[in-house]
Engineer: 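What follows is a single structure, and I will ask about it in a moment.
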Number of protein chains: 2
Amino acid sequence: MQVTPELLSRFTLLNPLPREALEQLAPHASLVRYARRAVVLRAGVREDNVCFLFEGRLQGVGFTIDGREVGLYFVEPGDFCGELALFDDNPQPEFVIATTAASVVFVARNPLREVMLQNSSVSNIVGRKLAERVRQMTVQRTLLGLSNIPQRVCGQLYLLINEARRKDDSGEIVNPPTHKEIAIMLNLSRETVTRVFQALQSRRIIQRDGPGRLIIADLASLRHFAEGEEEL
Amino acid sequence: MQVTPELLSRFTLLNPLPREALEQLAPHASLVRYARRAVVLRAGVREDNVCFLFEGRLQGVGFTIDGREVGLYFVEPGDFCGELALFDDNPQPEFVIATTAASVVFVARNPLREVMLQNSSVSNIVGRKLAERVRQMTVQRTLLGLSNIPQRVCGQLYLLINEARRKDDSGEIVNPPTHKEIAIMLNLSRETVTRVFQALQSRRIIQRDGPGRLIIADLASLRHFAEGEEEL
DNA sequence: GCCAATTTGTGACCCCGGTCACGTCAAATT
DNA sequence: AATTTGACGTGACCGGGGTCACAAATTGGC
């Protein structure tokens, strides 16, 4: 499906681009809808597109030699993935999978790279985004260092709220990841995540609201557990 | 201590730079020696230098809230760290510590950034390096997904050989990391790493050679264990 | 609105790596 | 040379999370 410059400009990465650059990119962009669980980017192959998420949620996942899934990061609407293709010709290192029905905008790698090189302010933006990804991965890796497992889960939950809306002492996560999706992010079993969620629910800290919404009723307590000031 | 353009050109990142760029950078560079365990870059502060490793070995480490160390990556001679400062003004996310006595070349961030922007081929190089770091972190994270612990250690050892010299069916690691340094890379206890090393030594797969050299006598077997085709 | 497919919930068992407590050893420091 | 420091080695114990095996609930597809 065709894409307008207006649509492109709704992404924070592309928004600062001058009109002409957007018009240059639009012909090389296409909107694609994916069902839940569909593979958006494939590991091991050279990807020729950068993938901008319009709606839904994606997850970067790797696989160990023995077939175990490894969760690497979530992609929220407005963000993007597959940007490594802008920097070199090596294959995409990880899979990207739609964890909910999603619509994504593919932008062909080469035109985007052109725009990036011509427009020096744009390479700044892309570079900043890549740097931000390194920071995110560092935080995520640090989470895995926590030996107290409930603490680890609370920390992840807290990060997920950051990425979504957050009020003073409560918050919500729209289209929350499944327990299994959280589990692979944290090197835990699905059952363990379920048990922590149960504990948090019984303490009225979190609360499910229908299929696509998780309410954080007591953000302060969640942070306490995440920071290890209190044991679950 | 002052630094010559020749010294700068010995780093793979800076080597492709034209002579004039190197002369532009040299006045803003300095060579510093660090003792083992010294802190080279500090987390949480805005770093004004990019750090090129001349000799020795560095390790990027984070700390969890409960004080546990988290190993993120190793820096080998010729490589560099602290490059995120080139992309934004956010603080350095992790500590970088000298795991052996080391000499590093600090290059001031702003001049290097200038060179990078003027010389478009240079931003490519820096961008490629940053992309490479993301790939490394992805591989490292995937290692943590292995539930078989000896396999995890073997995988890490294999990566360390890659970074150093490697022959057909044997190899060596110079200035090998301590067991503890490996342990924090893999979310393991120091004792567990020691036990795996003992097992590998008794099978004549690895062999210590004095303080600063670890010989991989049977690379094929190590790879077998790393790939889970055989259990330790 | 119904059915198949996921997801979530929960108990029991068990293994394995963390922790603790040492001892040994080599290298740096005095 | 004596002392200290930190790395390495090793055993015993134990607790917590993985695994397995289900049941229940929720969801999406038609």
Side-chain angles (χ1 to χ4, degrees), chain A residues 33-38 56-57 59 64 66-70 97-102 144-154 175-202 206-214 231-232, chain B residues 35-38 57 59 64 66-70 97-101 144-154 156 173 175-202 206-214 231-232:
Chain A
R33 294 186 187 282
Y34 284 98
R36 176 171 167 68
R37 311 208 124 225
R57 175 186 265 122
Q59 183 174 31
T64 62
D66 55 335
R68 187 180 300 265
E69 275 184 296
V70 176
I97 288 170
T99 67
T100 70
L144 296 184
L146 292 168
S147 51
N148 181 314
I149 268 59
Q151 191 180 353
R152 210 189 283 179
V153 177
C154 292
N175 285 334
T178 65
H179 294 178
K180 184 173 174 232
E181 284 156 8
I182 294 177
I184 63 172
M185 294 287 291
L186 300 173
N187 259 11
L188 297 175
S189 71
R190 193 268 310 164
E191 290 89 332
T192 298
V193 175
T194 296
R195 284 186 245 267
V196 174
F197 267 64
Q198 286 303 105
L200 290 174
Q201 270 165 357
S202 71
I206 67 176
Q207 184 185 337
R208 301 204 49 173
D209 177 40
R213 226 163 77 98
L214 182 72
E231 293 248 341
L232 239 179
Chain B
R36 176 171 166 70
R37 309 209 124 223
R57 176 185 266 123
Q59 183 175 31
T64 62
D66 55 335
R68 186 180 300 266
E69 274 185 298
V70 175
I97 290 169
T99 67
T100 71
L144 296 184
L146 291 169
S147 50
N148 183 313
I149 266 59
Q151 192 179 354
R152 210 189 284 179
V153 178
C154 292
Q156 178 76 67
I173 304 176
N175 284 333
T178 66
H179 295 179
K180 186 176 175 227
E181 284 155 9
I182 295 176
I184 63 173
M185 294 287 290
L186 299 173
N187 259 11
L188 297 175
S189 72
R190 193 268 311 165
E191 290 89 333
T192 299
V193 174
T194 296
R195 284 186 245 267
V196 174
F197 267 64
Q198 285 304 105
L200 290 174
Q201 270 165 358
S202 72
I206 66 176
Q207 184 185 338
R208 301 204 51 168
D209 176 40
R213 226 163 77 99
L214 184 70
E231 294 247 341
L232 240 181

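A note on names: the letters A, B, ... follow the listed sequences, proteins ahead of strands, and every chain is numbered from 1.
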Engineer: Is A/Arg152 near enough to D/dG16 that one of its side-chain N or O atoms lies under 4.0 angstrom from OP1 or OP2?
Structural biologist: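 No, outside the criterion.
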Engineer: May I ask you to evaluate whether A/His179 reaches the phosphate of C/dG9, defined as a side-chain N or O under 4.0 Å from OP1 or OP2?
Structural biologist: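 A/His179 to C/dG9 OP1/OP2: side-chain N or O found under 4.0 Å.
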Engineer: What nucleotide, of D/dA7, D/dG9, C/dT10, holds the atom closest to the side chain of A/Thr194?
Structural biologist: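 So the nucleotide nearest the side chain must be C/dT10.
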Engineer: Return whichever of B/Glu191 or A/Arg36 has its heavy-atom-nearest nucleotide of DNA chain D closer to the 5' end.
Structural biologist: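 Looking at the nearest nucleotide for each, B/Glu191 comes out on the 5' side.
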Engineer: For A/Arg195 and C/dA12, give me the distance from atom CZ to atom P, rounded to whole Å.
Structural biologist: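 In whole Å, C/dA12 P lies 11 Å from A/Arg195 CZ.
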Engineer: Counting only side-chain N and O atoms of A/Gln198, is one of them less than 4.0 Å from OP1 or OP2 of C/dT10?
Structural biologist: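 For C/dT10, OP1 or OP2 has a side-chain N or O of A/Gln198 closer than 4.0 Å.
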Engineer: Are B/Arg208 and C/dA26 close enough that a side-chain N or O sits under 4.0 Å from OP1 or OP2?
Structural biologist: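 So the side-chain polar atoms of B/Arg208 never come under 4.0 Å of the phosphate oxygens OP1 or OP2 of C/dA26.
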Engineer: Does a nitrogen or oxygen in the side chain of A/Arg37 sit under 4.0 Å from OP1 or OP2 of D/dT27?
Structural biologist: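 For A/Arg37, the contact criterion (side-chain N or O under 4.0 Å from OP1 or OP2 of D/dT27) is not met.
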Engineer: Rounding to an integer number of Å, can you tell me how far A/Ile149 CD1 sits from D/dG15 P?
Structural biologist: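 Spelled out: CD1 on A/Ile149 to P on D/dG15 is 16 Å.
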Engineer: Please figure out whether A/Arg190 or A/Ser147 has its closest DNA chain D nucleotide nearer the 5' end.
Structural biologist: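 It is A/Ser147 whose nearest nucleotide is closer to the 5' end.
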Engineer: Pick base, sugar-phosphate or nothing for B/Asn187, based on heavy-atom distances below 4.0 Å to the nucleic acid.
Structural biologist: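 Sugar-phosphate: the residue B/Asn187, judged by heavy atoms under 4.0 Å, touches backbone atoms but no base.
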Engineer: Taking the side chain as every heavy atom from C-beta outward, state whether B/Leu200 and B/Cys154 have any atom pair closer than 4.5 Å.
Structural biologist: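 Contact flag for B/Leu200/B/Cys154 side chains = yes.
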Engineer: Please name the residue in the list A/Arg152, A/His179, A/Met185, A/Lys180 that meets the side-chain contact (heavy atoms from CB on, under 4.5 Å) test with A/Val193.
Structural biologist: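 When A/Arg152, A/His179, A/Met185, A/Lys180 are each tested with A/Val193, the side-chain contact (heavy atoms from CB on, under 4.5 Å) holds only for A/His179.
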Engineer: Taking atom C1' of C/dG17 as reference, at what distance in whole Å does atom CZ of B/Arg68 sit?
Structural biologist: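 Taking atom C1' of C/dG17 as the reference, CZ of B/Arg68 is at 12 Å.
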Engineer: Report yes if the side chains of B/Asp66 and A/Ser147 come closer than 4.5 Å at any heavy-atom pair, otherwise no.
Structural biologist: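 B/Asp66 vs A/Ser147: side chains touch.
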Engineer: To the nearest Å, give me how far apart CD1 (A/Ile184) and P (C/dT7) are.
Structural biologist: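 These atoms are roughly 11 Å apart.
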Engineer: Would you please name every residue forming a side chain to side chain donor-acceptor pair (under 3.5 Å) with A/Asn148, sequence neighbours left out?
Structural biologist: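 With sequence neighbours excluded, A/Asn148 shows a side chain to side chain donor-acceptor pair (under 3.5 Å) to A/Glu231, given in chain and number order.
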Engineer: Take the protein atom CG of A/Leu214 and the nucleotide atom C1' of D/dT26, then report the distance between them rounded to whole Å.
Structural biologist: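 Going from A/Leu214 (CG) to D/dT26 (C1'), I get 15 Å.
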Engineer: How long is the line joining CG of A/Asn148 and C1' of C/dT19, in whole Å?
Structural biologist: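 Answer to the nearest Å: 15 Å.
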Engineer: Between atom CG in B/Leu186 and atom P in C/dG17, what is the gap in whole Å?
Structural biologist: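 The answer, rounded to whole Å, is 13 Å.
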Engineer: Atom CD of B/Gln151 to atom P of C/dG17: distance rounded to whole Å?
Structural biologist: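 In whole Å, C/dG17 P and B/Gln151 CD are 12 Å from each other.
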Engineer: Counting only N and O atoms by type, is there a donor-acceptor contact under 3.5 Å from the side chain of A/Thr99 to the main-chain atoms of A/Gln59?
Structural biologist: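 Checking the backbone N and O of A/Gln59 against the side chain of A/Thr99, no donor-acceptor pair under 3.5 Å is found.
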Engineer: Select base, sugar-phosphate, or nothing to describe what B/Thr192 touches, counting heavy atoms under 4.0 Å on all strands.
Structural biologist: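 Sugar-phosphate only.
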Engineer: From C-beta outward on B/Leu188, which listed nucleotide comes closest to its side chain: D/dC8, D/dA21, C/dG18?
Structural biologist: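 The answer is C/dG18, which lies nearest to the side chain.
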Engineer: Verify the contact: side-chain N or O of A/Gln201 to OP1 or OP2 of C/dG9, cut-off strictly under 4.0 Å; return yes or no.
Structural biologist: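 Looking at the OP1 and OP2 atoms of C/dG9, one of them is under 4.0 Å from a side-chain N or O of A/Gln201.
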